[in-house]
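A short write-up of the structure that comes next.
If you're wondering where the values come from, they're calculated on a predicted model, not measured in any experiment. Proteins get letters first, then strands, A, B, ... in listed order; numbering begins at 1 in each. What's counted below: heavy atoms across the whole structure, side chains too, no hydrogens, waters or symmetry copies.
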Protein chains: 2
Amino acid sequence: MATCSQCPVRESSICHSLSADALDRFGRAGRRQTLLAGQTLMWEGEDALLVGNVVDGILKLTASLSDGRDQMLGIAFPSDFIGRAFGTKTRHSVTAVTDAEVCTFRRSDFDDLARRHADVEHDLLKRTLGELDQMRKWMQVLGKMTATERVAVFLIEMAARLCPDVESETALIRFTLPIGRQDMGDLLGLTIETVSRQITNLRQRQIIGTPDRRSIVIYDRRALAACAGMG
Amino acid sequence: MATCSQCPVRESSICHSLSADALDRFGRAGRRQTLLAGQTLMWEGEDALLVGNVVDGILKLTASLSDGRDQMLGIAFPSDFIGRAFGTKTRHSVTAVTDAEVCTFRRSDFDDLARRHADVEHDLLKRTLGELDQMRKWMQVLGKMTATERVAVFLIEMAARLCPDVESETALIRFTLPIGRQDMGDLLGLTIETVSRQITNLRQRQIIGTPDRRSIVIYDRRALAACAGMG
DNA sequence: CGGATCATTGACTGGTGTCAACTTAGGTGG
DNA sequence: CCACCTAAGTTGACACCAGTCAATGATCCG
């Protein structure tokens, strides 16, 4: 039984706008689920039976072409909403990349609840509009940017999401990549080898450091931004 | 003064769910505007002051990188909603590619009205979710597909939007491209030359015909779908 | 320590981009 | 109505970025 009042994403998930008793109704409809790294919660092309909130861990959204080429469509962090509300088909798979915890609803239950709680629907709308903006930015990345630019954009984006509170211009930013090279390639429309070469290149130019293969240190934010075509 | 009851997109735009008197309120807030081909309604990076419905004509959404590389983010057809509701910045430009007619609202007015009319907000949510699905499909195109596949996908997509009612498997599909080669390139992440070569190639293989440079006839739907990686 | 997985590096290929010439279509004005 | 001009599209030659294939190196985990 989900005790929503103690939920780690109580204040940041789509549930944040719910009153105490509405929260109770959602709580009864929701179900806490634990996923192991690699486990897939929804499959591309399936009926959209589930939606939910990411409580903990990282998940990826992916879609593949018939011959197996994979495209990653996004990364879901804690408090992100996942799944296709108000639709019959899930157009992409959702897979845990780390062990993860999610709070799921049967889609039909969620749709009903959302229809009755305008605040939830409004919050979902704002999230969806924000994601749409984000996707459009990625379209620019995939349609127009070079390999170096793509990797630089990715690193800046990860830094922003994983270290949201670094203020000082000069402080080093250090974070752990939530995904490996293969997934980075699938996200950026590059091969694993090209991603690797770009990272090597940025390291050789002293713009970033790679203390271990999952960690990134940004030495020169300005130069990285310039690589990303924002300079 | 917009006479909404006679609006060509009365039944298909976001207004379709409004009752007669709600429609009247929207009608007073909205303003019919005529755009000449090439005229830009909203500029990337501007404050989001306007939203609206496309009444007639075709518009394109675009964003550019600092050095001028343009990416088209989508095409807006009659009854499509344009602009960024519930947000402060417009992240992309909206430009008429044909002479066009739009019905615009001050964004703040629209936001207020939408907040008060749950059906409108719900409709906007469904549209936005649909567009998000669409964008994700384009991410696959831009991230993973070859030039031939991209052009084939584009032609199939255009056929679906412009000839929605062709039933028979064998009937020829003929339509006029709403955009030129440059815009096709900007949409597909290709150069104008590559687009041209792919079209030439498809024509030489007798899969399509090009009676004039803005018209396409699809001779072999199955083969085109195969080119698009859906076969 | 040994095996599996992931990442890096190198050599080579090939698909698109780039640059430039040419063709076609459309519009304007004499 | 034709001549011209411009913009749009096509075609060709060539270069280069990123993909492919293959070998090597680093980590992790049993």
Side-chain angles (χ1 to χ4, degrees), chain A residues 36-38 60 65 67-72 97-99 141-155 176-205 208-216 227 229, chain B residues 36-38 60 65 67-72 97-99 141-155 176-205 208-216 227 229:
Chain A
L36 299 174
K60 64 176 179 180
L65 299 174
D67 63 355
R69 283 172 285 178
D70 267 19
Q71 176 69 39
M72 193 183 299
V97 295
T98 64
D99 290 348
V141 171
L142 295 178
K144 285 276 134 54
M145 287 190 171
T146 65
T148 314
E149 288 171 326
R150 295 183 200 205
V151 171
V153 166
F154 171 76
L155 293 176
T176 299
L177 292 169
I179 57 177
R181 299 290 187 270
Q182 180 64 59
D183 282 339
M184 288 175 59
D186 286 344
L187 182 64
L188 299 173
L190 300 170
T191 59
I192 186 173
E193 293 95 332
T194 300
V195 171
S196 183
R197 279 188 252 268
Q198 299 310 324
I199 288 177
T200 300
N201 181 261
L202 290 171
R203 187 181 52 241
Q204 284 169 348
R205 291 159 65 190
I208 64 169
T210 53
D212 67 79
R213 58 187 183 183
R214 278 296 183 111
S215 299
I216 297 285
C227 290
Chain B
L36 299 174
K60 64 176 178 180
L65 298 173
D67 63 356
R69 282 172 286 178
D70 266 20
Q71 176 69 39
M72 193 182 300
V97 295
T98 64
D99 290 349
V141 172
L142 295 178
K144 285 277 135 52
M145 287 189 171
T146 65
T148 313
E149 288 171 326
R150 294 183 201 207
V151 171
V153 166
F154 171 77
L155 293 177
T176 299
L177 293 168
I179 58 176
R181 299 289 187 273
Q182 181 65 58
D183 282 340
M184 288 175 59
D186 286 344
L187 181 64
L188 300 173
L190 301 169
T191 59
I192 186 173
E193 293 95 333
T194 300
V195 171
S196 182
R197 279 188 253 266
Q198 300 310 324
I199 288 178
T200 300
N201 181 261
L202 290 172
R203 187 182 49 241
Q204 284 170 347
R205 290 161 65 191
I208 63 169
T210 53
D212 68 78
R213 58 189 183 180
R214 276 298 182 109
S215 298
I216 296 286
C227 289

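For the pair A:Phe154 and A:Leu190, the minimum side-chain heavy-atom distance is 4.5 Å or more.
Using a 4.0 Å cut-off between a side-chain N of Lys or Arg and a carboxylate O of Asp or Glu, A:Lys144 and B:Asp186 qualify as a salt bridge.
Between A:Asp186 atom CG and D:dG19 atom C1' there is a gap of 14 Å when expressed in whole angstrom units. Rounding to whole angstrom units, CD1 of residue A:Ile216 and P of C:dA7 are separated by 11 Å. Computed from coordinates, the A:Gln198 CD to C:dA7 C1' distance equals 15 Å when rounded to whole Å. The separation between B:Ile192 atom CD1 and C:dA21 atom P is 17 Å, rounded to whole Å. Atom CZ in B:Arg181 sits roughly 13 Å away from atom C1' in C:dA25 (whole-Å rounding). As rounded to whole Å, 17 Å separates atom C1' of C:dT16 from atom NZ of B:Lys144. B:Leu188 places its CG atom 14 Å from the C1' atom of C:dT16, with the value rounded to the nearest Å.
Judged by distance alone, with hydrogens and angles left aside, the side-chain atoms of B:Gln182 form no donor-acceptor pair with the main-chain N or O of B:Ile192 at under 3.5 Å.
For the residue pair A:Lys60 and A:Asp183, the shortest heavy atom distance occurs at NZ-OD1, 3.0 Å. In terms of heavy-atom proximity, B:Arg205 sits nearest to B:Cys227 at NH2-SG, 3.6 Å.
Residue B:Arg197 places a side-chain atom within donor-acceptor reach of the base of C:dT18, judged by atom type and a 3.5 Å distance cut-off alone. With hydrogens and angles ignored, a donor-acceptor pair under 3.5 angstrom links the side chain of A:Glu193 to the base of D:dC21.
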Evaluation steps, side chain to side chain donor-acceptor pair (under 3.5 Å), between A:Glu149 and A:Thr146: CA-CA 5 Å; A:Glu149 288 171 326; A:Thr146 65; 3.2 Å; yes
A:Ser196 vs A:Arg181, test: side chain to side chain donor-acceptor pair (under 3.5 Å). Steps then yes/no. CA-CA 7 Å; A:Ser196 183; A:Arg181 299 290 187 270; 5.2 Å; no
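B:Ile199 comes within 4.0 angstrom of nothing in the nucleic acid, heavy atoms only. Within the nucleic acid shown, A:Gly189 comes within 4.0 Å of sugar-phosphate atoms alone, with no base atom in reach, counting heavy atoms only.
Taken over five-pair windows at either terminus, the axes of the helix from C:dC1-D:dG30 to C:dG30-D:dC1 are inclined to one another by 40° (rounded to 10 degrees).
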Strictly under 3.5 Å: I want the nitrogen or oxygen pairs between protein and nucleotides 25-30 of chain D, one per line.
none

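Looking at A:Arg197 and A:Asn201, their side chains never bring a donor and an acceptor atom within 3.5 Å of each other.
The only member of A:Gln198, A:Met184, A:Met145 that meets side chain to side chain contact (heavy atoms under 4.5 Å, CB included) when paired with A:Arg150 is A:Met145.
Mapping A:Met145 and B:Thr200 onto DNA chain D by nearest heavy atom places B:Thr200 closer to the 5' end of the strand.
Taking 4.0 angstrom as the limit, A:Ser196 places none of its side-chain polar atoms (N or O) nearer than this to OP1 or OP2 of C:dA7.
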